[in-house]
Structure formats: C-alpha cells, structure tokens
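Ligands are counted one by one from 1 in listed order, and the atoms in each one are counted from 1 as well.
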Amino acid sequence: MTALRVLALYPELMNIYADRGNIAVLRARCEWRGLGFELASATIGEDLDPAAHDLLYVGGGQDRDQAAVARDMAGPKREALHAAAARGAVVLAVCGGYQLLGHSYEMGDEVLPGAGLVDLRTVREPGPRLIGNCAIEADLGGGPRVIAGFENHGGRTYLGDGEQPLGRVLSGHGNNGRDGFEGVHRGNVIGTYLHGPLLPKNTWLADRLIELATGTELTPLDDELEEAAHASARRAAGV
Ligand code: GLN
C-alpha cells in the first residue's frame, strides 16, 4: 500500500466544529511518513465506488442537513457503504454522521432513516442537549487508551443487544447520558460523538485508523506537541 485513500462524505453538509480537521490530521500523519494520501469526496447524488477508498469519513451535522444526508445514505449509497465496510474499509463517523450509521434518528414526528451499518437507534428526547468535554477509554488493539473530545448532541443513542460501544465514559455524557458508554465499534466501523476535532486531539487514534485502513504498521513520530494537546484535552475533561 503506497497511499491512504480517503473519501469525505458530504463534506459541505456534515462539517460542524471544524470536523474537517480530522482529514487534515490524516493527511499530515501520512505525508510526514512518506505515505501517500489521496482525498476524494462524494455528496448527495454522487456515486460511491466501494472498492476505491480505504477510509470513509462523515462529520457532524445540524438536524436539517442530516435529513437530506440520511435519505442519501439510507437510499442510493446504502449498498456501496455496506460493501465498503464488508471489505474492511474504515468507516469513521462523528456525531451527526454517527447517528446516521444506525437504523434511525427520531426527531419528534420525523424519523430519519440510517445506513444500517450498525445496530443502533438515536432519539431526540425531551431534556437538555448533552454538551461538554468528554473522555472515554477505548481499546482498538494494543490495550485501553483515552480518547478525549467535546460533545454537543440533542440525540440520545442506544445500541442494540450485542453491539459494542467504542468506549466506556470516564467523564461526560456519551451515547445517552445514562448507560456509561460512548460510540460504536464493529469491525472497522467506528462512530463517536466526540468532536475536538477528534483526531487532532487524539493523534494515536489517527495513527491506529491509518493502520487499520492500510494494513500497515506505522513508525512513531515525534509527537511532543500532539501529546501536550492530548493531555490538555484530558485535563479539560477532568481525567
Ligand atoms: N444534530 C445532531 C444532534 O444534535 C448532531 C449534532 C452534532 O453533530 N454535533 O443530536
């Protein structure tokens, strides 16, 4: 493998909280190691070739943008998304994108369909938005590590029986503010509520995703500044 091939899904619609910084970090960490980086995008109505990408990325979104995206993910792109996940492509979805990985996102009378890549449902329940710094403990191979970020979501997400969360909440709300879990993790499909953006704050996670997507083991980088950013995010979350 000479390049990481990334597909940004709906980049103009699903990009709040500077979530496009996640792509910038993937690019930088590949290029610093002499690994190629190719970026493509696909938005509503555009084709998705399931064999053409190693990592598919969907960022966070406002409810109104999610509605149009949901119909595209659950409709024309559904089959290709499932085919990409089945061949082991990494699918990383943040917040609004995460909510659309599951079966549905219920917002009052409106029920948005999801891509059905994982067994979960999201419901906009009465009650405050779940906002604040958050830290979780997750194991993506190599033992438990901390992922730190910031969450802001009105939807509460419930995993189906047997579906694994991405991690255990150390501090913050997580999927629904009740069960102590955050995100979802099935094979190489990962969903999380954590913004930050996620990967600039957790560069170990960026590297792990590159490894999973390319099937290669990465050499370490000099990460003094990145580790300071991670420590600061952990402190903000109180862990
Ligand atoms: N619109 C969704 C919610 O409020 C997701 C928000 C987000 O991506 N931050 O639950």
Note: heavy atom closest to atom 2 (C) of ligand 1, options R129, Q62, Q66, M107, belongs to Q66
Contact atoms of ligand 1, heavy-atom distance to D63 under 4.0 Å = 1 (N), 2 (C), 3 (C), 4 (O)
For N152, the atoms of ligand 1 under 4.0 Å from one of its heavy atoms are 6 (C), 7 (C), 9 (N)
Does Y105 reach ligand 1, in the sense of a heavy atom lying below 4.0 Å from it?
-> yes
Q99 to ligand 1: N or O pair under 3.5 Å?
-> yes
Salt-bridge test for R156 and D179: reply yes if a basic N is under 4.0 Å from a carboxylate O, no otherwise.
-> no
What part of Y98, side chain from CB on, backbone N/CA/C/O, both or neither, has a heavy atom under 4.0 Å from ligand 1?
-> neither
Ignoring hydrogens and angles, state whether a donor on the side chain of T157 or Q99 is under 3.5 Å from an acceptor on the partner side chain.
-> no
Could you tell me whether R124 atom CZ has more than 12 heavy atoms of other residues or ligands within 6.0 Å of it?
-> yes
N/O of I16 under 3.5 Å from N/O of ligand 1, yes or no?
-> no
State plainly whether the residues D49 and R5 are in salt-bridge range, i.e. N to O under 4.0 Å.
-> no
Say whether G60, considering both its backbone and side-chain N or O atoms, lies within less than 3.5 Å of an N or O atom on ligand 1.
-> no
Can you list the ligand 1 atoms lying under 4.0 Å from a non-hydrogen atom of G155?
-> 3 (C), 10 (O)
Backbone or side chain, does any N or O of G154 fall under 3.5 Å from an N or O of ligand 1?
-> yes
Heavy-atom contact under 4.0 Å between H195 and ligand 1?
-> yes
Considering all heavy atoms, the nearest D54-A3 contact | OD2-O, 3.5 Å
What pairs with H153 under ring pair (Phe, Tyr, Trp, His ring centres under 6.0 Å), at least two apart in sequence or on another chain?
-> Y193
Could you list the atoms of ligand 1 found under 4.0 angstrom from a heavy atom of C95?
-> 5 (C), 6 (C), 7 (C), 8 (O), 9 (N)
Answer yes or no: does atom CD of E12 have more than 12 heavy-atom neighbours from other residues, nucleotides or ligands under 6.0 Å?
-> yes
What distance do I131 atom CD1 and H173 atom NE2 have between them, rounded to the nearest 0.5 Å?
-> 7.5 Å
Near G61 (heavy-atom distance under 4.0 Å), the atoms of ligand 1 are 1 (N), 2 (C), 5 (C), 6 (C), 7 (C), 8 (O)
Indicate whether the side chain of Y10 and that of D65 have a donor and an acceptor atom separated by less than 3.5 Å.
-> no
Using distance alone, decide if ligand 1 has a nitrogen or oxygen within less than 3.5 Å of any nitrogen or oxygen in V94.
-> no
Path from L218 to L92 over hydrophobic side-chain contacts below 4.5 Å | yes
Subset of ligand 1 atoms that lie under 4.0 Å from at least one heavy atom of G96 = 5 (C), 7 (C), 8 (O)
